[in-house]
2 protein chains.
Amino acid sequence: MNGTHPVGTLLPSESELAAHYRAARGTVRQAIAVLVAEGLVGSRQGARRIVLGTTRSQSFAELHSFAQWARANGYRFGGQVISQRRRAARGVESARLSCPAVLEVMRVRTLEGEPVLLERTVYADWIAPAVEALPGDCESVTQALFDSVGLIFAYGEHLIDAVAAGAQDSRLLTVRRGSPLLRQRRITTTNEGRPVEWSDDRYRAGSVAFSIRNSIGANPLGRQLAF
Amino acid sequence: MNGTHPVGTLLPSESELAAHYRAARGTVRQAIAVLVAEGLVGSRQGARRIVLGTTRSQSFAELHSFAQWARANGYRFGGQVISQRRRAARGVESARLSCPAVLEVMRVRTLEGEPVLLERTVYADWIAPAVEALPGDCESVTQALFDSVGLIFAYGEHLIDAVAAGAQDSRLLTVRRGSPLLRQRRITTTNEGRPVEWSDDRYRAGSVAFSIRNSIGANPLGRQLAF
DNA sequence: GGGCTGTTCTTGTCTGGACAAGTTTTCTAT
DNA sequence: ATAGAAAACTTGTCCAGACAAGAACAGCCC
């Protein structure tokens, strides 16, 4: 896989790969399917596969963990908790997080010394103690929660839009009021479907951009199995 | 599948489904894998699968076709070409689209009568004739190009950030200068990896938001097959 | 009752084979 | 030489079976 097939070249056929690695064709297909889904390999029935790209995007991690994204790109980064308090869940929160009480945390993240991200996160009560135990300047909350209680963020739903900076936003991100911010609202759950956090993250314009890669891919359900 | 299993309930086991639909377990797995990848079904080795959601997001199509997104959500929508001209590719364009000449099109899209999206799209020369043949108020370019020349947008790479509205932006979207816009820059290719278009789309704030759903999912490569 | 152990169930992974559908190449007839 | 038909190849889909790893459950002993 890492044999770095140059972009534009044809991949060996499945049977060749299977023979070479002494694996069944289905196994090879499964491995290649990931690359096809990521858009790194083009695939058409009947024709050899073609290499479209070589850099694998770890979109999930990047979309979830500021620290992991920054580290992967070689940036200096930091974080600081601005405020943190427990309160009752209001409005949609109790429904989304399915718990009555929450922990509200506001964090500012810096990149190369400059504040670029303002996080307003609401954690479900069952994870609140672990979050409160973290230091105020914790670099990676995702990593810390995994280390301390084995929590894994497995699913995320993200809503991305643009908003004008409000009074608090402008002060903490050191931008003028009304200047554009990239807002990412997300809810994250464990692989059991248990909601963990609900967050409103605001990025300073020009500092970062979301990179998303998608592909039609094969969607082999719905037709043959009419459940 | 559409039997609408309520959220939170357990799915039948693979063997039960296989027996019920008279299919092999592998086939059932393949179908369910799509739901797991979309985050609609939670899956842990050893435990029954749990239903996490019921609404399937057609994220790819939505990310590509304004018309399809609007229609799916029941909005009235329209579009109008503002300017259209052929010119030589400049700067990064020739590299990204891998062709010397391009067709530059500027479109305004409306939702419920209001302008919400300004598209600045650059098409590769080999698709330009088909684009020029479209009417100025073509509703869905994606659909029209599929109908006329069988073109399928298979892969996309998107860069999403926030910018302040410039002079032209503010005039065409009827917003004040400097107000926040959600910008989506994307490059789209066919399933052969052939670049089709490179576009800079700017959405009025508050009008739309991108919805992205992601999951860690199973990534069954890299370990067992050390290519 | 509480904790432990072993059984049973379910999912994850892999094998080897088969056929269908589409592409590419080769061969043949004109 | 060229156009069309045939063959070879490649991917897409499915099947039936096997074993491993983890989860859920029942029963046991203390």
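Every chain is numbered from 1 and lettered A, B, ... according to where its sequence line falls, protein lines coming before strand lines. Since we're looking at a predicted model, the values are computed, not measured.
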On DNA chain D, compare the nucleotides closest to Arg25(A) and Ala47(B); which residue's is nearer the 5' end?
Arg25(A)
Any Ser13(A) side-chain nitrogen or oxygen under 4.0 Å from OP1 or OP2 of dC9(D)
no
Atom CG of Leu35(B) to atom P of dT11(C): distance rounded to whole Å?
13 Å
If you pin Arg22(A) and Gln45(B) to their nearest nucleotides in DNA chain C, which one's is more 5'?
Gln45(B)
Ile32(A) has an atom CD1; how far is it from atom C1' of dT10(D), in whole Å?
11 Å
Any salt bridge between Arg86(B) and Glu104(B), counting N to O under 4.0 Å?
no
Say you draw a straight line from CD1 of Ile127(A) to CG of Leu97(A); how long is it, rounded to the nearest 0.5 Å?
12.0 Å
What integer distance in Å separates Glu14(B):CD from dG12(C):P?
6 Å
Rounded off to whole Å, could you give me the CZ-to-C1' distance for the Arg44(A) and dC9(D) pair?
14 Å
Backbone N/O of Arg90(B) and side chain of Glu93(B): donor-acceptor pair under 3.5 Å
yes
Starting the side chain at C-beta, find the nucleotide from dC14(C), dC15(D), dT10(D) nearest to Glu16(A).
dT10(D)
Looking only at atom types and distance, does a side-chain atom of Ser94(B) sit under 3.5 Å from a main-chain N or O of Ala89(B), one as donor and one as acceptor?
no
With a 4.0 Å cut-off on heavy atoms, is Arg49(B) in touch with a base, just the backbone sugar-phosphate, or nothing at all?
sugar-phosphate
Tell me which of Arg48(A) and Arg29(A) sits closer to the 5' end of DNA chain D, going by the nucleotide each one is nearest to.
Arg48(A)
Determine: side-chain N/O of Thr27(A) to OP1/OP2 of dT15(C), distance under 4.0 Å, yes or no.
yes
Taking atom C1' of dT11(D) as reference, at what distance in whole Å does atom CD1 of Ile50(A) sit?
15 Å
Spacing between Gln30(A) atom CD and dT11(D) atom P, to the nearest angstrom
16 Å
Search all heavy atoms of Asp125(B) against all heavy atoms of Ala101(B) and return the closest pair with its distance.
CB-O, 3.3 Å
Can you see if the side chain of Ser43(B) gets near the phosphate of dG12(C) - specifically, an N or O under 4.0 Å from OP1 or OP2?
yes
